[in-house]
Amino acid sequence: VVAQQTYTVHYVYDNAPEGVETEYPLPVDDGAYVKNEPVAVSSTPAVGAEYEGYTFQGWKPIGDDVVVEDGAFAMPARDVWIRGTWKADDDTPYTVEFYYEKNGSYSTEPDEKDERFGTTDSTVSVTEEDKTPDRAGYVFDEDAANVLSGTVASDGSLVLKVYFERAYVPGPDPDDPDEPEDPDTPDTPDTPDDPDEPEDPEDPSDPGEPEDPSDPGEPEDPSDPGEP
């Protein structure tokens, strides 16, 4: 009797997060299968199992000549590799913090923050809109300790940071106003011309010397009727 050729089954992970095998070890199949012998596909980890921001999608044999039905397949005339795929979650949280300069420095606590979501282990960045301040009188501070991009951590610990400094505007700093300058002294108005001095009115107390009533004049001589 000629011994039939036997074949083996092997399991591998695809896109697995680091350390996943400590919780979900790869299945081991020690069987030796002949052609067309039914082979059951492992059920662990189960579809939907989660680990560090990833979700297990299930097992699938590699190769179009292997079709799984009801959790099993017929062994082909070759070794079979079964791949278990992990998919990175696309709803892993991370945070963007915004800092505004006050009195020439930045607080250690953000003035504003925004929780966002990304795909685990993918790179995310702040947007150009993020670098536009919501507050008037500020601009993006390129020299500050900005964290403009990073890798989305499975535990949601990624924090991006954006800093805004006060925009230079000529004039007093509202945080440290200069003493205002003295207002200009108004010009002294011109002195109006002296009006002409009015003439002294006549002295009513000196109306003039009246004629002497005691000297009415010499009367005509009645004895001298004149020359006839």
Side-chain angles (χ1 to χ4, degrees), residues 11-26 44-60 62 81-186:
Y11 287 86
V12 294
Y13 277 142
D14 179 50
N15 197 41
E18 183 177 354
V20 68
E21 290 187 41
T22 60
E23 185 166 344
Y24 298 107
L26 280 168
T44 57
V47 174
E50 297 182 349
Y51 182 81
E52 300 265 337
Y54 286 76
T55 301
F56 188 64
Q57 305 298 299
W59 295 106
K60 182 179 180 181
I62 299 173
W81 293 81
I82 301 178
R83 178 168 54 206
T85 302
W86 291 87
K87 181 182 178 183
D89 297 339
D90 59 7
D91 58 354
T92 303
Y94 68 97
T95 305
V96 180
E97 296 180 342
F98 300 91
Y99 297 80
Y100 286 84
E101 179 187 4
K102 296 183 186 69
N103 300 320
S105 63
Y106 292 104
S107 172
T108 57
E109 294 297 322
D111 297 284
E112 300 171 7
K113 59 183 177 180
D114 185 25
E115 184 178 57
R116 300 180 184 178
F117 300 90
T119 301
T120 305
D121 289 334
S122 68
T123 299
V124 292
S125 302
V126 301
T127 65
E128 288 302 312
E129 184 178 355
D130 289 330
K131 293 189 283 187
T132 302
D134 290 334
R135 304 181 185 184
Y138 287 87
V139 295
F140 174 62
D141 187 352
E142 296 182 355
D143 298 324
N146 297 290
V147 180
L148 304 181
S149 64
T151 301
V152 178
S154 60
D155 60 359
S157 60
L158 173 64
V159 177
L160 304 182
K161 299 183 179 184
V162 183
Y163 290 82
F164 298 107
E165 63 181 338
R166 284 197 178 277
Y168 172 72
V169 178
D173 182 343
D175 287 334
D176 185 19
D178 295 328
E179 185 175 346
E181 297 180 0
D182 293 335
D184 294 334
T185 303

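Side-chain contact check for Phe98 versus Val162: some heavy-atom pair is nearer than 4.5 Å. A 4.5 Å side-chain heavy-atom check between Val126 and Val96 finds at least one atom pair inside the cut-off. Contact check for Asn15 versus Gln57: no side-chain heavy atoms found under the 4.5 Å cut-off. Side-chain contact between Asp141 and Tyr99 is absent, with no heavy atoms from C-beta onward closer than 4.5 Å. Two residues are said to be in side-chain contact when any heavy atoms from C-beta on lie closer than 4.5 Å; Thr151 and Leu158 fail this criterion. Within the 4.5 Å cutoff, the side chain of Val20 has no heavy atoms near those of the Tyr54 side chain. At a threshold of 4.5 Å between non-hydrogen side-chain atoms, the residues Asp114 and Glu112 do not count as touching. Residues Lys60 and Arg83 form no side-chain contact, since every pair of their non-hydrogen atoms from C-beta on lies 4.5 Å or further apart.
Once rounded to the nearest 0.5 Å, the distance linking CG of Asp130 with CZ of Phe140 reads 10.0 Å. The OG1 atom of Thr44 sits 10.0 Å away from the CG atom of Leu26 when rounded to the nearest 0.5 Å. To the nearest 0.5 Å, atom CZ of residue Arg166 and atom NZ of residue Lys102 are 8.5 Å apart.
Across all their heavy atoms, Thr22 and Tyr51 have their closest contact at OG1-OH, 3.9 Å. For the residue pair Leu148 and Leu160, the shortest heavy atom distance occurs at O-CD1, 4.1 Å. Closest approach of Tyr138 and Pro133 over heavy atoms only: O-CG, 3.1 Å. Considering every non-hydrogen atom in both Lys131 and Phe164, the closest pair reads O-CE2, 3.4 Å. Contact detail for Ala153 and Thr92: the closest heavy-atom pair is O-CG2, 3.1 Å. Closest heavy-atom contact between Ser154 and Glu52: CB-O, 2.8 Å.
In this structure, Arg135 forms a cation-pi arrangement with Tyr100, its terminal cationic atom sitting closer than 6.0 Å to the ring centre and no more than 45° off the ring axis.
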- Message: Go through it in stages, so that I can follow the logic: the residues are Thr119 and Val152, the test is side-chain contact (heavy atoms from CB on, under 4.5 Å), and I'd like the CA-CA distance, side-chain angles, deciding distance and then a yes or no.
- Response: CA-CA 7 Å; Thr119 301; Val152 178; over 6 Å; no

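Aromatic ring pairs are classed by plane angle as parallel below 30°, tilted from 30° to 60° and perpendicular above 60°; the pair Tyr13 and Trp59 is parallel.
Counting heavy-atom neighbours within 6.0 Å of Glu115 CD, excluding the residue itself, gives a total above 12.
A centroid separation of 6.0 Å or more is found between the aromatic rings of Tyr24 and Phe56.
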